[in-house]
Amino acid sequence: MHKRYNHQEFEKKWQEKWKQDGTYNIGARDTSKEKEYVLVELPYPSGNLHIGHWYAFAVPDIYVRYKRMMGKQVLYPMGFDAFGLPAENAAIKRNINPRVWTKSNIEYMRNQLDSMGVAFSWDKTTSTIDPEYYKWTQWMFTQFFENNIAYRGEGVVNWCPGCHTVIANEQVLLDGTCERSGDMIEKKRMPQWMLRITDFADALIDDLDTLGDWPEHIKEAQRQWIGRSEGAEIDFKLNVNGASSTVNSTITVFTTRPDTLFGATYLVLAPEHPFLEQNRNSIENWKEVATYVQTAKQKSEIERGDNTKEKTGVKLEAITATNPANGEEIPVYIADYVLAGYGTGAIMAVPGHDERDNEFAKKFRLPIKRVVEPLFIQTDGGNAFRETDPVEPRDAVCVVVRNPADNTYLALEWKKDQMHGLVTGGIDDGEDLIEAARREVTEETGYKNLKVVRDQNFSIHCKFWHRVKEVNRHARFTYVFFELENNERKVVSESEQALHDSQWISENDLDSFFTVFEAKFAVTLLKNPEYIHTGNGLISHSGEFDGMDSEAAKIVITEKVGGRMTNTYRLRDWSIGRQRYWGVPIPIVYDPQGKAHIVPKEHLPWTLPEDVDFTPTGEPPLAKSQELKERTEHIFGAGWLPEVETMDTFVDSSWYFLRYLDNHNDEEFASKVRQQEWMQVDMYFGGAEHTTMHLLYSRFWQKALHKLGLTVHSEPYKMRINRGLILGPDGNKMSKSKGNVVDPDEQVKLVGADTVKMYLAFMGPYQGANYPFDLGGIAGIRRFLERVYGLEEHLVEVESKETTVLLHKTIKKVGSDITEFKFNTAISALMILMNQFEKNNLSMQSYQKFLLILAPFAPHISEELWHLTGQSSSIHIENFPNYDPSLVKDEVVTIGVQINGKHRGEITIAVNATETEALNSAKGNAELAARLARIVIKKVVYVPSRILNIIGE
RNA sequence: GCCGUGGUGGCGGAAUGGUAGACGCUGCGGACUCAAAAUCCGCUUCUCGCAAGGGAGUGAGGGUUCAAGUCCCUCCCACGGCACCA
């Protein structure tokens, strides 16, 4: 029966009891248990917990509690990431020190967190603003500086006028605004403290492959963000007025296609390229060039990034370059389609094989050379087709192979550059055609489920229809049909056809094609002069390299001209200096000559001075601190100056999960022993917005520490799950201005912490999706818990077998669902069980087991009811109940009955019933019998415990 | 444009290739009540039918299969990442 309860009566009570007993404290590593490190992103203490925090912390708590009950020692720590601009801005507004503001927020939020009733390991907490914490942040920085991972660099940086500080690339949104203030970012050239994350770019990409449990989409997002391109750097000699110039005589370009070097018909420099300033006197049209540079500077990032815009550029008069491959003198341009920040800021333009260069070349009437021949399919004679072959321009080739034995077909189509694979696949090396084709298509297209059929005439027959995605109704095909005879291809016919959109050739149509005409070979290729071949092929017009495979040619051509094979990355080094107050001071001092030195360990923490007016002016506030200045001179000597920038807060959060492990250690940030005990993080729940920020930074940080021998592991996280967002009841993102904010404190007061937590878990799978907070939905969960509260009225001495069976099935399902983060279906199973209990009563033993499996979801009410059954110790130190495998196995089963594939009824039969028994059972069903009487049974498909399908006519 | 994820009732969402829509919400009907709320019982994919019962149905179209939400192909749409990256 439904029974109201007052959550306020016992939720607080148990929270205090747990705290007092240290129920969730982790203590020392208990090696009798397996360890599990569950991590959630530590919050910024904004001063108020929002529903997103609940979703982030309380739902993973189900997982944590389950693992604890399964006998693991689970570390689930919580802390505060408390440096940063919001605190500083709030402090300015209130005219207090951000430390004071932040500390009071932490205290307040600590209470709010307690009201969740989550099993945090509070004895392992830390806060990034504690000097004992940032001492180590600083020490790590000094180690990085000593080992050339941190450096003072000069570069183009993102300046946020709203925040009065520089921010990192990752913190600039797509539209060029600041992720925090929303202001338009300005590009400034200034000295910057940088971390060499690019030195770790390869490791950051390659090691993703070792993270087998990570969701692929997260890994892919990181790969794209890092953006590795494999290519070569090639030097071009520059000539001024036709003569080889003495200064800056080379320009280095980066290219991914060194194999096309012979087709490079001009060079393009980014407008920011330093060559321009250095050679202004030699450039005859300097005025025009300077104007273009100026315009390019003023163009916003978005404008420049808009690749639909027509290409612009200016030729550098009196400057030419020499193509190192063929000695040709080629012109040099500047154009804003070349980016200063990528590669070397200069490119060799190959308009024959690059669409952007092609567009530019057409506009400026520059020569276009083709130096790579698209390579398609081999002919019977074994020669690859070349441009010179007399065929019409086509988009694709389709090869159909008919097996005359059973009149089935192999139909394969390849678009343009996909045909290359057929040649390298060794079709003509005596390998079975079908098998080779199957393998090639699988490799080339990624379509895996080709059907391979064996039959008596042919070793392997591949029954497969394939159309390449982009081939649409405008494409023209050549169809060539073969028959296979004793493994020999015999051409039957060839025909040309424009296929209508998404129309398949039916087998009947195919037959008519066979009669069209005879053909000698199976091929088509592109002779369209508009076609820019960007793929691989055979090298041509390149002297000694002609005929070489383009992939192989990359290396030898680079070698020949003295270039270097190298990678380049989209990722930039991480700029970490901030011109604001509320952060970790960069522990660097400058000697009177201006040389940077680290603050040695004995002077750490290098504390943040307090005697500072931190109103933002653009000048770093620390520069105004007398105390810091005196401290520096006192320790290092007269004339020494402190660094006055503070660190990006993403630095603080890049290693917090290590500090939790050893949060009171004065000697080390975390001892190797602790690391060995607890790392890696087994399960990291977090927000999708951190995929290319915190998640990448902290992986880098771990690798940098690892390189210096300071961490045991080079990857911090074994498994990562990105959760979604909780939206307002109207389906929009919660925001004060929309008035759709759901306040968790209010909800907790209204329906209790258990209900809020369970509702959040019930909305849908934890991974990925966003859900609106539905006030009706949460009432449903409350109703469920009230009925649970009333279950004791249904206690009986002996319960039915059916009830026991369902209990054990539910124990099994809840456990497996939790480990798959399907909390929603686990809760659904609990509800079904509860309904059964209410209808059919339950024994005390089952009641207690039910409370145990409910405990991870609703820790308070289960604890309360647990004690009401006479238990004196906490339910949260109990083990998760085992299910009895013999009870979970069904003896009888209800299966669907289909007649001709249509569902027509159900029968309930023994699990191990035979087909005859099943059929008889169906015949025993009046309705089914009536239907069966109307047909003649031709075939029966019976899958035990699944289906009975009767086919007849 | 490229890469990734997804598309199922009025809503959130369930379904190892085997009874589509579990569970919850909403809505409707009934019980209780002077009444309302709460609670309890029943119904709730659409459609034809008084009913018994029939038909359709998982973004669209095709394919494989005894059987497709699930596998394959093409297309459409939404969301996320990257994007003049050489």
Side-chain angles (χ1 to χ4, degrees), chain A residues 1-4 174 215-225 227-229 231 253-257 268 304-309 311 335-339 341-344 346-350 354-357 359-360 447-451 463-469 471-472 501-504 506 568-570 688 691-692 722 731 759 762-765 768-781 783-784 786-787 822 824-825 827-832 835 894-898 900-907 927 938-943 945-951:
Chain A
M1 210 200 102
H2 184 99
K3 191 171 165 188
R4 290 200 66 86
L174 278 179
E216 194 53 41
H217 69 270
I218 300 180
K219 295 199 268 190
E220 196 49 41
Q222 290 210 349
R223 279 188 203 109
Q224 277 182 40
W225 183 264
R228 174 163 66 192
S229 305
V253 304
F254 175 76
T255 177
T256 55
R257 293 297 304 272
V268 189
R304 273 189 73 167
D306 183 1
N307 57 8
T308 58
K309 284 247 172 68
K311 298 269 178 295
D336 64 6
Y337 81 91
V338 175
L339 309 174
Y342 186 78
T344 59
I347 62 156
M348 62 179 216
V350 186
D354 181 281
E355 287 177 19
R356 295 150 305 180
D357 296 342
E359 194 190 324
F360 190 86
Y447 301 127
K448 292 184 194 78
N449 293 320
L450 307 194
K451 263 195 187 168
K463 206 168 164 195
F464 174 67
W465 296 82
H466 171 66
R467 284 193 68 196
V468 179
K469 204 169 159 190
V471 178
N472 60 20
D501 180 37
S502 76
Q503 288 293 306
W504 280 98
S506 70
T568 196
Y569 306 88
R570 204 198 76 97
T691 303
T692 52
N722 279 0
Y759 171 61
F762 185 61
M763 289 189 302
N770 304 333
Y771 306 104
F773 193 99
D774 174 27
L775 296 164
I778 196 169
I781 296 287
R783 253 193 301 271
F784 164 73
E786 283 176 358
R787 290 164 74 185
K822 288 158 69 180
N824 55 332
T825 49
I827 293 170
S828 152
L830 289 169
M831 289 171 164
I832 293 167
N835 286 337
T894 303
I895 64 170
V897 178
Q898 296 179 345
N900 286 331
K902 267 189 187 302
H903 175 69
R904 293 299 181 193
E906 296 91 44
I907 50 172
E927 227 176 88
K938 298 203 102 171
K939 185 178 174 184
V940 174
V941 177
Y942 171 61
V943 184
S945 295
R946 294 270 174 247
I947 201 83
L948 177 67
N949 190 4
I950 302 159
I951 294 98

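The chains referred to below are lettered A, B, ... by the order of the sequence lines, with proteins before strands, and numbering in each begins at 1. The analysis underlying the following values was restricted to heavy atoms, covering all of them including side chains, and did not include hydrogens, waters or symmetry mates. The structure presented is a predicted model; accordingly, all values stated were derived computationally and were not measured.
Summarising the base pairing, B:A31 is matched to B:U39 through a Watson-Crick or G-U wobble pair whose two defining distances lie under 3.5 Å. When both distances must be under 3.5 Å, the Watson-Crick or G-U wobble mate of B:C2 is B:G81. When both pairing distances are held under 3.5 Å, B:C75 makes a Watson-Crick or G-U pair with B:G59.
Here A:G780 lies in heavy-atom contact (under 4.0 Å) with sugar-phosphate atoms only. Looking at heavy-atom distances under 4.0 Å, A:K822 makes contact with sugar-phosphate atoms alone, never a base. Using a 4.0 Å heavy-atom cutoff across all strands shown, A:E220 reaches sugar-phosphate atoms only and no base atom. Nucleic acid contact for A:T894: base, since at least one base atom lies under 4.0 Å from a heavy atom of the residue. Nucleic acid contact class of A:N949 (heavy atoms, under 4.0 Å, all strands): base. Among the protein residues, A:Y771 comes within range of the sugar-phosphate backbone only, with heavy atoms under 4.0 Å from sugar or phosphate atoms but none that close to a base. Within 4.0 Å (heavy atoms only), A:G227 reaches no atom of the nucleic acid at all.
Both tests do not hold together for A:K311 against A:F360: distance to the six-membered ring centre under 6.0 Å, angle to the ring axis within 45°.
For A:M831 and B:G13, the CE to P distance is 15 Å, given to the nearest whole Å. Regarding A:I832, its CD1 atom lies at a distance of 6 Å from the C1' atom of B:A22, rounded to whole Å. Residue A:K311 contributes atom NZ, which lies 11 Å from atom C1' of B:A86 at whole-angstrom precision. Taking atom CZ of A:R787 as the reference point, atom P of B:A38 lies 15 Å away to the nearest angstrom. If you measure from atom CD1 of A:I947 to atom P of B:A68, you get 11 Å, rounded to the nearest angstrom. Computed from coordinates, the A:E216 CD to B:G6 P distance equals 12 Å when rounded to whole Å. Atom pair A:Y337:OH and B:A86:P shows a separation of 13 Å (rounding to whole Å applied). Taking atom CG of A:N770 as the reference point, atom P of B:A78 lies 17 Å away to the nearest angstrom.
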Show each protein N/O and nucleotides 42-44 of chain B N/O combination with a separation under 3.5 Å, one pair to a line.
none

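Rounded to the nearest Å, the gap between the C1' atom of B:G69 and that of B:C3 is 25 Å. Separating the C1' atom of B:G21 from that of B:G57 is a span of 11 Å, rounded to the nearest Å. Spacing between B:A60 and B:G12 at atom C1', rounded to whole Å, works out to 25 Å. Taking the P atom of each, B:U44 and B:G53 are spaced 14 Å apart, rounded to whole Å. When the P atom is compared between B:G27 and B:A37, the two are found 11 Å apart, to the nearest whole Å. A distance of about 45 Å separates the P atoms of B:C2 and B:C25, rounded to the whole Å. Going from the P atom of B:G6 to that of B:G59 covers 13 Å, rounded to whole Å. Going from the P atom of B:G4 to that of B:C11 covers 30 Å, rounded to whole Å.
Without hydrogens or angle criteria, A:Q222 side chain to A:T691 main chain gives a donor-acceptor distance under 3.5 Å.
Of the side-chain N and O atoms in A:S229, one or more sit less than 4.0 angstrom from OP1 or OP2 of B:A86. Listed pair A:R257 / B:A86 fails the phosphate criterion, with no side-chain N or O lying under 4.0 Å from OP1 or OP2. For B:A56, one of the phosphate oxygens OP1 or OP2 lies less than 4.0 angstrom from a side-chain nitrogen or oxygen of A:K902. When the side-chain nitrogen and oxygen atoms of A:R223 are compared with OP1 and OP2 of B:C82, none of them lie within a distance under 4.0 Å. OP1 or OP2 of B:A14 sits under 4.0 Å from a side-chain N or O of A:N824. Using a 4.0 Å cut-off, some side-chain N or O of A:Y342 falls inside it from OP1 or OP2 of B:A86. Look at A:N835 and you won't find any side-chain N or O under 4.0 angstrom from OP1 or OP2 of B:C40.
With B:G12, B:G18, B:U39 as the choices, the nucleotide that has an atom nearest any side-chain atom of A:R783 turns out to be B:U39. Closest to the side chain of A:T825, out of B:G55, B:A15, B:G12, is B:A15. In the set B:G24, B:G13, B:U19, B:G24 carries the atom at the smallest distance from any side-chain atom of A:F762.
The pair A:R223-A:E220 meets the salt-bridge criterion, with a side-chain N (NZ, NE, NH1 or NH2) lying under 4.0 Å from an Asp/Glu carboxylate O.
Map A:H217 and A:G905 each onto its nearest nucleotide of RNA chain B; the residue landing nearer the 5' end is A:H217. For the pair A:T255 and A:W225, both in contact range of RNA chain B, the more 5′-proximal nearest nucleotide belongs to A:W225.
Rounded to the nearest 0.5 angstrom, A:I781 CD1 and A:M831 CE are separated by 3.5 Å.
Each of A:I951, A:L948, A:N949 was scored for a side chain to side chain contact (heavy atoms under 4.5 Å, CB included) with A:V940, with one residue passing: A:L948. When A:D357, A:T255, A:D354, A:L339 are each tested for a side chain to side chain contact (heavy atoms under 4.5 Å, CB included) with A:I347, only one passes: A:D357.
Taking 90° from 0 as the syn/anti boundary, the base of B:G6 is oriented anti.
Under the 4.5 Å side-chain criterion, counting only non-hydrogen atoms from C-beta, A:N824 is in contact with A:P765. Within the 4.5 Å cutoff, the side chain of A:R904 has no heavy atoms near those of the A:V897 side chain.
The heavy-atom pair separating A:S229 from A:T256 by the smallest distance is CB-CG2, 3.8 Å. In terms of heavy atoms, A:Y337 sits closest to A:A349 at OH-CB, 4.5 Å.
Less than 6.0 angstrom separates the ring centroid of A:Y759 from the ring centroid of A:F773.
In terms of polar N and O atoms assigned as donor or acceptor, the side chain of A:Q224 comes within less than 3.5 Å of the base of B:G81 in a complementary pairing.
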